[in-house]
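Everything below concerns the one structure shown next.
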Protein chains: 2
Amino acid sequence: MALNRKCIIRISRYKNALNRLKALGFVKVFSGNLADAAGVSSSQVRKDFSLFGITGNRRGGYKVDELIKRIRDILGKNELQKVIIVGAGNIGKALLHYKGFESGGIKVMAAFDIDPSKYSHELEIPVLPLEDLRGFVQDHEVKIGILAVTEVAAHHVSEIMISAGIKGILNFAPIQLRAADDVVINNINLEVELENLIYFVNAQAKTDGVFE
Amino acid sequence: MALNRKCIIRISRYKNALNRLKALGFVKVFSGNLADAAGVSSSQVRKDFSLFGITGNRRGGYKVDELIKRIRDILGKNELQKVIIVGAGNIGKALLHYKGFESGGIKVMAAFDIDPSKYSHELEIPVLPLEDLRGFVQDHEVKIGILAVTEVAAHHVSEIMISAGIKGILNFAPIQLRAADDVVINNINLEVELENLIYFVNAQAKTDGVFE
DNA sequence: GTCTTTTTGTTATTTTTTTCACAATATTTA
DNA sequence: TAAATATTGTGAAAAAAATAACAAAAAGAC
């Protein structure tokens with residue numbers, strides 16, 4: 001199946017839109033509704049669904065419950081996805097307490113740091129020494145890790161994670177990580193995202209000027 | 001100039017790579033070096049540069065200092081970009097203390113919240129009442145805001161920001177915000193990013209299975 | 001029960017993005 | 001100084017992604 005990152009991102013967004021629509025009492029939904037909610041075209045929605053073999057009824061749309069179940073299945077949300085956080089600094093701690101993952105499927109198991117002052121067993125989610133990472137990952141069969149350490153540590157720590165058995169890294173360190181083909185890396189660079197925004201705001205301001 | 005989001009993201013990454021190369025003592029750089037550092041092809045690098053009229057020397061590559069200056073200029077990093085944070089919860093607080101923005105150009109001016117227990121003038125960056133947002137944004141001519149409030153508050157708060165004069169929003173609330181054409185919105189949904197990673201890790205695992 | 005309307009599913013078309021390829025031209029070597 | 005070599009800059013080609021278009025089918029009207 002030839003699907004790309006953007007397609008899966010959209011599928012996630014459809015799922016979020018569906019949850020909202022369900023909460024509003026929707027039982028059926030049309031591609032146009034999802035398109036509006038996710039900010040794409042209705043043919044895009046249908047194209048994405050067709051890639052996953054998701055079908056509805058001509059004239060009848062899609063049943064919200066079935067669709068949610070189907071998408072949750074695609075995204076692996078019907079089984080528990082165990083996640084660790086590496087680096088208990090600013091970003092790491094914020095993610096440790098982030099409520100957005102609670103809705104289902106994603107379970108943050110523990111955080112790890114080199115700084116002993118960060119260790120804690122009192123919290124609901126423990127902060128453990130980095131040395132314990134390997135054993136923990138192997139014992140609990142964790143495949144997904146969030147990397148939130150400094151730029152200088154990032155590469156080294158990512159190698160520790162991968163050698164321990166982590167297969168997917170969500171990287172917040174401001175460096176473009178890459179790895180072997182069997183490891184998936186998703187880089188989120190906050191400064192880059194802000195720079196992007198700033199660029200388009202400034203570009204917008206210039207364009208506006210022309211018409212003033 | 002017909003340039004897209006992805007192109008600007010790459011330009012930011014080239015800048016980061018250049019800073020690292022400069023720190024290593026590089027004076028000249030070739031498109032291939034930047035391609036390796038940013039994880040793209042060398043012709044992609046040259047194409048991107050050509051879009052911005054960035055030129056080097058045939059056979060001589062690009063001068064690191066000049067290139068950095070040029071890209072910083074494109075990204076607006078040669079002038080101060082004032083930013084506010086709205087929502088001083090988990091994510092908001094983390095960004096308030098985030099060191100990654102210090103390297104230049106981006107200055108977080110203040111944070112805002114509705115919860116009086118969050119207010120603070122002691123911090124280097126103050127946390128102020130949401131009611132003060134409009135005045136602050138107008139007094140300081142802030143154009144960029146980071147939105148880090150709950151899902152339910154996000155839409156309402158974004159409207160407050162926009163009506164106060166904010167022209168670009170980096171949205172961390174788990175909802176796809178949209179706005180009028182003169183406001184740029186960059187949505188970062190942490191759960192969606194994780195789901196994406198999980199999908200590809202699971203897909204990878206299945207593919208591996210076939211060859212085992 | 002037939003007709004009308006609406007919406008899907010998919011194929012074709014268009015647009016966008018990336019890669020390829022190579023002439024033009026600096027730099028280095030001899 | 002001339003020849004050899006490496007690298008840019010860009011137009012053409014290929015690949016990927018998005019949009020449009022429409023036949024097929026389901027739902028509802030009458």
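Throughout, protein chains are lettered first and strands after them, A, B, ... in sequence-line order, and every chain is numbered starting at 1. No experiment lies behind these values; they were computed from the predicted model shown.
- Electrostatic pairing of A:Glu193 and B:Arg5 counts as a salt bridge here, judged by a charged N lying under 4.0 Å from a carboxylate O.
- Contacts of residues 19-43 of chain B with DNA chain C (heavy atom under 4.0 Å): B:Ser41, B:Ser43.
- Contact annotation: side chain of B:Lys47 to base of C:dT19, donor-acceptor pair present below 3.5 Å.
- Salt bridge status for B:Lys99 with A:Glu151: absent, with no side-chain N to carboxylate O gap under 4.0 Å.
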For B:Asn186 and B:Ile169, what are the C-alpha separation, side-chain angles and deciding distance, and is it a side chain to side chain contact (heavy atoms under 4.5 Å, CB included)? CA-CA 6 Å; B:Asn186 188 347; B:Ile169 297 178; over 6 Å; no
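- At a threshold of 4.0 Å, the pair B:Glu141-B:Lys82 does not count as salt-bridged, since none of the basic side-chain nitrogens sits closer than that to a carboxylate oxygen.
- Counting any heavy atom pair closer than 4.0 Å across all strands shown, B:Arg5 reaches no nucleic acid atom.
- Of the residues in residues 60-74 of chain A, those placing a heavy atom less than 4.0 Å from an atom of DNA chain C are A:Gly61, A:Tyr62, in numerical order.
- Here A:Lys6 lies in heavy-atom contact (under 4.0 Å) with sugar-phosphate atoms only.
- B:Phe136 and B:His140 have parallel rings, their planes meeting at less than 30° on a 0 to 90° scale where 60° marks the start of perpendicular.
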Between the protein and nucleotides 23-25 of chain C, which nitrogen or oxygen pairs are less than 3.5 angstrom apart?
from: C:dA24; atom 1: N3; to: B:Arg58; atom 2: NH1; distance (Å): 2.8

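- The two residues A:Leu96 and A:Ala111 have their closest heavy-atom pair at CD1-CB, 3.7 Å.
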